[in-house]
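Below is one structure, written out as structure tokens; the observations come after it.
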Number of protein chains: 2
Amino acid sequence: MKYSKATNYALHTMLYLCSVSSDKPVGVQQLAQKQGVSPSYLSKILTKLVKAELIESSSGANGGYRLKGRKEDISFLDIIHAVEGSASLFECCGSEDSRCVIQQVMLAAEEAMERHLENTKMIELVDTSSCD
Amino acid sequence: MKYSKATNYALHTMLYLCSVSSDKPVGVQQLAQKQGVSPSYLSKILTKLVKAELIESSSGANGGYRLKGRKEDISFLDIIHAVEGSASLFECCGSEDSRCVIQQVMLAAEEAMERHLENTKMIELVDTSSCD
DNA sequence: GTTATCATAGATCTATAATATCTACGATCG
DNA sequence: CGATCGTAGATATTATAGATCTATGATAAC
């Protein structure tokens with residue numbers, strides 16, 4: 001079990017967009033170059049963030065991506081759910097059999113992690129950012 | 001990102017071994033049948049639990065698997081680490097770049113989940129077990 | 001000692017998801 | 001109109017999970 005590289009790209013892109021905090025959209029070429037990944041692939045990931053309404057895109061010349069909401073409101077969990085989906089990490093018997101005690105423990109553990117990810121907002125990292 | 005089915009099989013097998021709590025080893029055929037999985041596959045998973053010293057195996061007639069340690073000491077995290085490995089769920093820049101603030105947040109979140117899994121011991125589920 | 005039973009290790013196969021690229025398309029600005 | 005830029009879809013490529021089979025070695029019962 002591992003977080004995908006796509007999640008890594010998404011988090012770093014969001015952190016960058018939060019730190020520039022400009023009205024001007026940033027093109028995917030520039031974003032991709034900073035992370036050493038192909039623009040085609042990154043744009044697929046960013047489209048998920050658009051659909052989750054974390055960022056918005058503008059086409060045409062001087063187009064690109066910019067934040068939609070406020071930095072204070074964007075959590076790690078928002079970004080991760082947008083990329084990875086929000087399904088449970090553990091499924092016992094195919095469906096959600098809530099009677100399974102193992103399922104209950106795993107779900108509670110997962111919620112502990114998600115609580116932490118939900119409480120950490122992007123704005124907290126803006127000034128201290130390295131490795132972006 | 002999802003927990004593997006192997007983890008599911010391992011957890012259910014461990015819960016069963018904890019609930020029978022007999023000196024007699026249980027064969028992999030019986031364990032596999034209860035979960036609707038092939039004995040060949042399950043034995044591969046159980047071998048990992050043996051190497052992690054959570055259970056012990058005995059060959060030959062009337063052989064099989066039985067608990068090694070005490071139920072009070074076996075945590076969910078022990079089992080999960082035995083099957084999935086104990087590497088971090090998130091890797092930022094290939095190596096463990098501890099300067100990356102994103103990495104730090106993800107690591108802290110993961111630790112919150114692991115803390116919960118470590119504090120939940122098998123014995124707590126033995127009596128209430130359904131879906132085993 | 002022989003035989004039946006049972007775990008282990010290794011090779012192998014398939015299925016599925018992650019990773020990545022390319023092309024065609026539609027939208028926008030100058 | 002024409003250059004720029006995001007979107008969607010098709011497609012290719014790995015990597016990993018999931019699963020099975022065979023050969024081997026260990027053990028107990030006879």
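Worth knowing before you read on, the calculation uses all heavy atoms, side chains too, and leaves out hydrogens, waters and symmetry mates. Proteins get letters first, then strands, A, B, ... in listed order; numbering begins at 1 in each.
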Discussion item. Side-chain N or O of K51(A) versus OP1/OP2 of dA8(D): is the shortest distance under 4.0 Å?
Written reply: yes
Fill in: Nearest-Å distance for atom pair CG/C1', residues L89(B) and dA18(C)
16 Å
Discussion item. From the set dT8(C), dG30(C), dA8(D), return the single nucleotide nearest to any side-chain atom of N62(A).
Written reply: dG30(C)
Response to the item:
Taken to the nearest whole Å, CG/N8(B) to P/dG18(D) is 10 Å
Worksheet item: CG of N8(B) to SG of C100(A): how many Å apart, nearest 0.5 Å?
Response: 7.0 Å
Discussion item. Under a 3.5 Å distance rule, please check whether E84(A) uses its side chain to pair with a backbone N or O of S4(A) as donor and acceptor.
Written reply: yes
Item to complete: Starting at atom CD1 of I45(A), determine the distance to atom P of dG6(D), rounded to an integer number of angstrom.
Response: 14 Å
Worksheet item: If you look at every strand shown and take non-hydrogen atoms under 4.0 Å, does Y3(B) touch a base, only sugar-phosphate, or nothing?
Response: nothing
Practice prompt. Applying side chain to side chain donor-acceptor pair (under 3.5 Å) between Y16(B) and each of Q35(B), Q30(B), K34(B), report the one that passes.
Written response: Q30(B)
Discussion item. Holding to side-chain hydrogen bond (donor to acceptor under 3.5 Å, both in side chains), I want the full list of residues that pass it with T47(A), two or more places apart in sequence or in another chain.
Written reply: none
Discussion item. Distance check needed: dC6(C) P versus K24(B) NZ, whole Å only.
Written reply: 12 Å
Worksheet item: Taking all atoms of both residues into account, what is the closest heavy-atom pair of A10(B) and I79(B), and its distance?
Response: CB-CG2, 3.9 Å
Discussion item. Let me check the geometry of the helix from dG1(C)-dC30(D) to dG30(C)-dC1(D). What is the bend angle between the axes at its two ends, five pairs each, to 10°?
Written reply: 20°
Practice prompt. Output yes when at least one side-chain N/O atom of T47(A) is less than 4.0 Å from OP1 or OP2 of dG6(D), else no.
Written response: no
Fill in: Contacts of S88(A) that satisfy side-chain hydrogen bond (donor to acceptor under 3.5 Å, both in side chains) - sequence neighbours left out
E110(A)
Worksheet item: When the nearest nucleotide of DNA chain C is assigned to V50(B) and to K5(A) on a heavy-atom basis, which residue is associated with the more 5' position?
Response: V50(B)
Worksheet entry | Rounded interatomic separation in angstrom, taking CD from E91(B) and P from dA15(D) | 16 Å
Practice prompt. Take the protein atom OH of Y65(A) and the nucleotide atom P of dT28(C), then report the distance between them rounded to whole Å.
Written response: 14 Å
Worksheet item: Checking all strands, does K2(B) fall into the base, sugar-phosphate, or nothing category for heavy-atom contacts under 4.0 angstrom?
Response: nothing
Dump every N/O contact between nucleotides 21-27 of chain C and the protein below 3.5 Å, one line per pair.
from: dT21(C); atom 1: OP2; to: S38(A); atom 2: OG; distance (Å): 2.4

Item to complete: Can you tell me the distance, in whole Å, between the CD atom of Q30(A) and the P atom of dG6(D)?
Response: 11 Å
Worksheet item: Of all the nucleotides listed (dC6(C), dG6(D), dT8(C)), which has the minimum atom distance to the side chain of Q29(B)?
Response: dC6(C)
Worksheet item: Can you find a side chain N or O atom of S4(A) that sits less than 4.0 Å from OP1 or OP2 on dT19(C)?
Response: yes
All N/O donor-acceptor pairs, side-chain side in residues 115-122 of chain B, below 3.5 Å, sequence neighbours left out:
from: N119(B); atom 1: ND2; to: R115(B); atom 2: O; distance (Å): 3.1
from: T120(B); atom 1: OG1; to: H116(B); atom 2: O; distance (Å): 2.9
from: K121(B); atom 1: NZ; to: E118(B); atom 2: O; distance (Å): 3.2

Practice prompt. Tell me, yes or no, whether the heavy-atom count around E56(B) atom CD, taken from other residues, nucleotides or ligands under 6.0 Å, exceeds 12.
Written response: yes
Discussion item. Please enumerate all residues that pass salt bridge (charged side-chain N to carboxylate O under 4.0 Å, His left out) together with K44(A), with sequence neighbours excluded.
Written reply: none
Worksheet item: To the nearest angstrom, how far is Q35(B) atom CD from dA19(D) atom P?
Response: 11 Å
Item to complete: With heavy atoms under 4.0 Å as the rule, sort S43(B) into base, sugar-phosphate or nothing.
Response: base
Worksheet item: Rounded to the nearest 0.5 Å, how far apart are CG of L67(A) and SG of C18(A)?
Response: 4.5 Å
